[in-house]
Amino acid sequence: MRLSVVNAFNISTRNKYKNWGSKMDNTHSSLMGKVEHESYSREIVVNNNHHQHSVYSNDRQFQKYQPEDYLAIIDKRALERECLAQALYNHHIGLKVYTFGSLEEWRVSKRSVSNLRAVLVNTGNRNMDDADLTAEIGELVATFDSAAVVVVAENDDLNYVLKALEIGVRGYIPTTVGIEICMQAIELAIAGGKFVPASSVLALRKMLGSRNDEFRHIATSFTARQSAVAEGLRRGKANKIIAYELNLCESTVKVHIRNIMKKLGATNRTEVAYKISDMIPHETRF
């Protein structure tokens, strides 16, 4: 009797686990089918040197790029570039990512230029006052004229940002931003736009505001005649016309212009006209 009970228990247990296993097999099959149906394979290749790669998979469906389109990360620091590549993979950049230690390393790899959509250059703590750095970036811009060159840097100084844009880069990403903003900046650059960090824009706004306040303060020191002459300069009028309209001698107009230039710190009448325009709000111009 005891043996029968044990056997019955074993049979029941086996059936239970058999049914459970069958249910798990069905569930697994269903999930695999779903994954195969929804997955859109992308890969990220991280180059530690010319020939060794680590390959990752990216399952984001990203229709705006072709399967062979890729992003190149150029940074001489292997750990930095591999970490950045992994972060872009984890957030589904939608492009293959190849990393290189230098432009020369990219050339040796013989990657197709036609499939290159963007180049991410990590400059670290180097700044745009470094002549070697600007020369390197200039060479990258010239080499990849059909791709968007984007700089990643630790310094978001407005002067450095503007200098980078002058060289021809399509984006300047400070390391203080998150990976999502980094990706959006890359996408904007690929689309033909230019990315400038918000911190730099705010700094520019503050600088322009302080300059305008300074100009307005200077303008209040103008005499009535100087203000009238300055308005004539702003409108691009010749000295003779200004003299005629204000019933002054032309030589007197020249004296007023010299005094205005001195107060504004301007070196010529064109610079005076530009600075005077900054002092006057757009809505009050006529």
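- Annotation: side chain of Asp75 is not in contact with side chain of Val121 (no heavy-atom distance under 4.5 Å).
- Between Ala189 and Val150, the shortest heavy-atom distance links the atoms CB-CG2, 3.7 Å.
- Counting all heavy atoms, side chain and backbone alike, Tyr160 lies closest to Met128 at O-CG, 3.4 Å.
- A 4.5 Å side-chain heavy-atom check between Asn239 and Lys254 finds at least one atom pair inside the cut-off.
- With a 4.5 Å cut-off on side-chain heavy atoms, Thr143 and Arg107 count as touching.
- No single ILVMFWY cluster, assembled from side-chain heavy atoms under 4.5 Å apart, contains both Ile241 and Val229.
- In terms of heavy-atom proximity, His92 sits nearest to Met183 at O-CE, 3.6 Å.
- Clustering ILVMFWY residues whenever any of their side-chain heavy atoms sit less than 4.5 angstrom apart, transitively, puts Val253 in a cluster other than the one holding Tyr244.
- There is no path of hydrophobic side-chain contacts, each under 4.5 Å, that joins Val255 to Leu233.
- Looking only at side-chain heavy atoms (C-beta outward), Phe144 and Leu103 come within less than 4.5 Å of each other.
- The distance from atom CZ of Arg234 to atom OG of Ser227, rounded to the nearest 0.5 Å, is 12.5 Å.
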Worked verdict on Leu248 versus Ile242 for side-chain contact (heavy atoms from CB on, under 4.5 Å): CA-CA 8 Å; Leu248 298 172; Ile242 296 174; 5.9 Å; no
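- Within the 4.5 Å cutoff, no side-chain heavy atoms of Arg170 are placed close to those of Phe195.
- Separation of atoms CG (Asn127) and OG1 (Thr134) is listed at 10.0 Å; rounding is to 0.5 Å.
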Pair Ile186-Leu71, side-chain contact (heavy atoms from CB on, under 4.5 Å): steps then yes or no: CA-CA 9 Å; Ile186 294 170; Leu71 164 73; 4.2 Å; yes
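- No salt bridge links Arg225 with Glu231; every basic N to acidic carboxylate O contact stays at or beyond 4.0 Å.
- Put simply, CD on Glu68 and CG on Asn115 are 6.0 Å apart, with the number rounded to the nearest 0.5 Å.
- Heavy-atom minimum distance, Ala164 versus Val169: O-CG2, 3.1 Å.
- Between the side chain of Gln86 and the main chain of Cys83, no donor-acceptor pair closer than 3.5 Å is present.
- For the atom pair Glu80 CD and Thr175 OG1, the distance stands at 9.0 Å (nearest 0.5 Å).
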Leu165 vs Val196, side-chain contact (heavy atoms from CB on, under 4.5 Å): CA-CA, chis, key distance, verdict: CA-CA 9 Å; Leu165 294 177; Val196 176; 3.8 Å; yes
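- Taking the side chain as every heavy atom from C-beta outward, Glu136 and Arg126 approach each other to under 4.5 Å.
- Using modelled atom types, one side-chain atom of Thr123 and one backbone atom of Val152 make a donor-acceptor pair closer than 3.5 Å.
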side-chain contact (heavy atoms from CB on, under 4.5 Å) evaluation trace for Leu120 with Leu84: CA-CA 10 Å; Leu120 205 58; Leu84 182 54; 3.6 Å; yes
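- No side-chain donor from either of Tyr172 and Asp156 sits under 3.5 Å from a side-chain acceptor of the other.
- Counting all heavy atoms, side chain and backbone alike, Ser146 lies closest to Val113 at OG-CG1, 4.5 Å.
- Checking side-chain atoms of Glu271 against main-chain N and O of Thr267 turns up a donor-acceptor pair under 3.5 Å.
- At least one side-chain heavy atom of Lys237 sits less than 4.5 Å from a side-chain heavy atom of Arg235.
- Classification of the Tyr98-Phe100 ring pair by plane angle, with boundaries at 30° and 60°, yields parallel.
- Proximity of Gln226 to Asn259: side-chain heavy atoms (C-beta onward) are separated by under 4.5 Å at one or more points.
- For the pair Arg111 and Tyr70, the cation-pi test (distance below 6.0 Å, angle within 45°) is passed.
- Between the CG atom of Leu162 and the CD1 atom of Ile167 there is a distance of 11.5 Å, given to the nearest 0.5 Å.
- The NE2 atom of His256 lies 12.0 Å from the CZ atom of Phe222; values are rounded to the nearest 0.5 Å.
- Under the side-chain hydrogen bond (donor to acceptor under 3.5 Å, both in side chains) test applied with Asn122, the options Arg81, Lys76, Arg77 reduce to a single match, Arg77.
- In this structure, the side chain of Arg269 does not engage the main chain of Gly236 through any donor-acceptor pair within 3.5 Å.
- The backbone N or O of Ala87 sits nowhere less than 3.5 Å from a side-chain atom of Asn90 that would complete a donor-acceptor pair.
- Nearest heavy atom pair, residue Leu188 against residue Lys194, reads CD2-O, 3.7 Å.
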